[in-house]
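One structure is given below, encoded as structure tokens.
Numbers here simply count residues along the sequence, with the first being 1. Just so you know, these numbers use all the heavy atoms, side chains as well, and skip hydrogens, waters and symmetry mates.
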Amino acid sequence: MTPSPRRPRTMTLPTLPHTRRRFLARAGALGLAAPLGLVGSPSSAGLLPVPDLAGAPICRVAAAGPAASGALRPIRLAWNASAICTAAAPVAKESGVFARHGLDVEFVNFGGSTEQLLEAIATGKADAGIGMALRWLKPLEQGFDVKVTAGIHGGCMRLLGATSAGATSLEALKGKVIAVSDQASPAKNFFSLLLAKRGIDPEREVEWRVYPMDLLNLAVEKGEAQALADGDPRTFLWAKDARLSEIANNLSAEYHDRTCCILALRGSLVRDERPVAAALTRALLEAGTRVAHDPGYAATVYAGYGGKGSVDDLAAMLRSHTHHHHPLGAELKQQIAAYIDELKTVKVIRARTDAKQFAERVYADVLS
């Protein structure tokens, strides 16, 4: 059965009742024992097969050790409950992963600006947060005392075009209007990069027009825009409309293994309580691996926090992401530096910013 949905609010989310927690834990255990499978074919539904992760290093690290004894360390984790890319967080909470790593995690559903969120982490109003790299890198350029410790997953942003307007390829978007939620959205930043790499000036040859997030598809339907760019769960659900075509997503072509969602921690937590920083990072990576192994269980948990869409749709979304891939260390620094150099080309990052130095400054290795 599917848990009754919970309305997202900009406040601390309550924990689930004990009986519901027990149900979800049992559902997860049954789900992990079942064979993995896909809903539909990868080619027709845009879904990625989940590899066998039993031998992955993060699985061995995460699985080691009994449940933590003694008092749990309170942690305030900022997240966006309406963004399915953060599904590892509720999975970690409801499956007991946080507790097993010695953590008592309190969720703060953050609805403010990215700058306010990073300031909240830097000043200790929150201990950590999960968010989009392409939303956070520009504010991090300002020097917030916040450290990135892991990539959480890739995927979850989509560019959809109106078939009737011929908006079925990146090249066909030249001269077209693309609806976005704001001019600094991760989707606008990412698809600007894709357009630029294909010889289309994303500022002069495409118009980005802002609409309320939930009305982007309506703007296309009314003909005010010929395409839209945003994130799941909205874009995945909108893509089911036969009048829309998925032109690209943020796993397209050269971005097939690039992370989009990252974990960032308060700088003082990394410096002064490294074991706690490591525990939180490990817990979320373990939960991400569980999302990849059992998207049905993860979808059930996320639905209980108010996730939009049916459990089947939410599970299909999670399969289309790369929750099995968690870049760390040199790989993550290389990805951050690549984003910085690319964002310079579309004038999001200052030209004088040194990409490698930036990556070294914002990344912290807490697991070695």
Side-chain angles (χ1 to χ4, degrees), residues 57-58 61 78 85-86 88 114-115 117-122 126-157 184-194 196-197 250-272 274 277-278 280-282 284-285 288 321-368:
I58 187 62
V61 171
C85 53
T86 60
T114 302
E115 289 82 357
L117 171 56
L118 292 174
E119 182 180 5
I121 297 173
D127 297 298
I130 302 174
M132 302 291 289
L134 287 174
R135 173 73 81 178
W136 283 12
L137 292 179
K138 177 61 180 177
L140 284 174
E141 190 183 28
Q142 301 173 21
F144 287 104
D145 186 19
V146 173
K147 299 297 182 183
V148 177
T149 63
I152 299 298
H153 78 94
C156 81
M157 290 188 289
S185 74
K188 187 208 170 193
N189 287 341
F190 178 78
F191 294 113
S192 290
L193 296 178
L194 277 191
K197 287 189 173 187
N250 60 325
L251 293 175
S252 295
E254 64 268 37
Y255 292 93
H256 64 94
D257 63 351
R258 188 81 66 89
T259 193
C260 65
C261 192
I262 56 178
L263 171 65
L265 277 59
R266 172 167 50 87
S268 57
L269 181 69
V270 171
R271 290 188 297 272
D272 302 337
R274 183 184 174 91
L280 179 60
T281 302
R282 285 196 178 97
L284 284 166
L285 297 189
H321 306 161
T322 56
H323 290 274
H324 61 281
H325 183 54
H326 315 125
L328 300 164
E331 181 186 6
L332 182 53
K333 287 189 285 187
Q334 289 169 1
Q335 291 194 10
I336 292 172
Y339 273 138
I340 294 299
D341 279 333
E342 291 164 344
L343 289 171
K344 291 180 188 178
T345 68
V346 292
K347 301 178 181 178
V348 173
I349 295 292
R350 295 189 298 257
R352 67 177 182 273
T353 297
D354 184 290
K356 290 185 178 179
Q357 289 181 2
F358 179 97
E360 289 289 346
R361 175 173 64 82
V362 302
Y363 175 73
D365 180 1
V366 298
L367 299 182
S368 296

Closest approach of Phe190 to Met157 (non-hydrogen atoms, all atoms of both residues): CB-CE, 3.9 Å
Has Thr322 got a side-chain atom pairing as donor or acceptor with Gly154's backbone, closer than 3.5 angstrom? yes
Identify the two heavy atoms, one from Val346 and one from Ala196, that lie closest to each other, and give their separation to 0.1 Å. CG1-CB, 4.2 Å
Straight-line distance of Ile336 CD1 to Ile262 CD1, nearest 0.5 Å: 6.0 Å
Asp365 vs Ser368, side-chain hydrogen bond (donor to acceptor under 3.5 Å, both in side chains): CA-CA, chis, key distance, verdict: CA-CA 6 Å; Asp365 180 1; Ser368 296; 2.4 Å; yes
Any chance you could lay out the side chain to side chain contact (heavy atoms under 4.5 Å, CB included) test for Cys261 and Cys156, step after step, and finish with the verdict? CA-CA 9 Å; Cys261 192; Cys156 81; over 6 Å; no
Please name the pair of heavy atoms, one in Tyr363 and one in Val148, separated by the smallest distance, quoted to 0.1 Å. CD1-O, 3.1 Å
When you measure from the side chain of Gln335 to the backbone N and O of Asp257, does any donor-acceptor pair fall under 3.5 Å? yes
Ile349 CD1 to Tyr339 OH distance, which is reported to the nearest 0.5 Å: 12.5 Å
Once rounded to the nearest 0.5 Å, what's the spacing between atom CG of Asn250 and atom CG of Leu194? 9.0 Å
Residues which pass side-chain contact (heavy atoms from CB on, under 4.5 Å) with Ala338, listed by chain and number, not counting sequence neighbours: Arg258
Calculate, to the nearest 0.5 Å, the distance between atoms CG and NE2 belonging to Leu251 and His321 respectively. 8.0 Å
Starting at CD of Glu254, measure out to CG of Leu193 and round the result to the nearest 0.5 Å. 9.5 Å
Between Thr281 and Leu263, does a side chain to side chain contact (heavy atoms under 4.5 Å, CB included) hold up when you go through it step by step? CA-CA 8 Å; Thr281 302; Leu263 171 65; 3.7 Å; yes
Mind running side chain to side chain contact (heavy atoms under 4.5 Å, CB included) on Leu265 and Ile121 for me, showing each step along the way? CA-CA 7 Å; Leu265 277 59; Ile121 297 173; 5.8 Å; no
Any luck finding a side-chain donor-acceptor pair between Glu342 and Tyr255 under 3.5 Å? yes
Euclidean distance, Thr86 OG1 relative to Leu284 CG, rounded to 0.5 Å: 10.0 Å
Which label fits His323 and His153: parallel for a plane angle under 30°, tilted from 30 to 60°, or perpendicular past 60°? parallel
Heavy-atom pair with the smallest gap, counting every atom of Lys147 and Ala364: CB-CB, 3.7 Å
Validation: residues 128-141 side-chain donor-acceptor distances under 3.5 Å, sequence neighbours left out:
from   : atom 1 : to     : atom 2 : distance (Å)
Arg135 : NH1    : Asp182 : OD1    : 3.3
Arg135 : NH1    : Ala184 : O      : 3.3
Arg135 : NH2    : Asp182 : OD2    : 3.0
Lys138 : NZ     : Glu141 : OE1    : 2.9
Lys138 : NZ     : Val348 : O      : 3.1
Glu141 : OE2    : Arg350 : N      : 3.2
Glu141 : OE2    : Thr353 : OG1    : 2.5

Can a donor-acceptor pair be found between the side chains of His325 and Glu331 at a distance below 3.5 Å? yes
Report the C-alpha separation of Leu285 and Ile152 in whole Å, then their side-chain angles, then the decisive distance to 0.1 Å, and conclude whether the side chain to side chain contact (heavy atoms under 4.5 Å, CB included) test is met. CA-CA 7 Å; Leu285 297 189; Ile152 299 298; 4.3 Å; yes
Is atom NZ of Lys197 surrounded by more than 12 heavy atoms (other residues, nucleotides or ligands) closer than 6.0 Å? yes
Indicate the atoms forming the closest heavy-atom contact of Asp145 with Arg271, along with that distance. OD2-NH2, 2.8 Å
For the residue pair Leu332 and Gly151, what are the closest heavy atoms and their distance? CD2-N, 3.6 Å
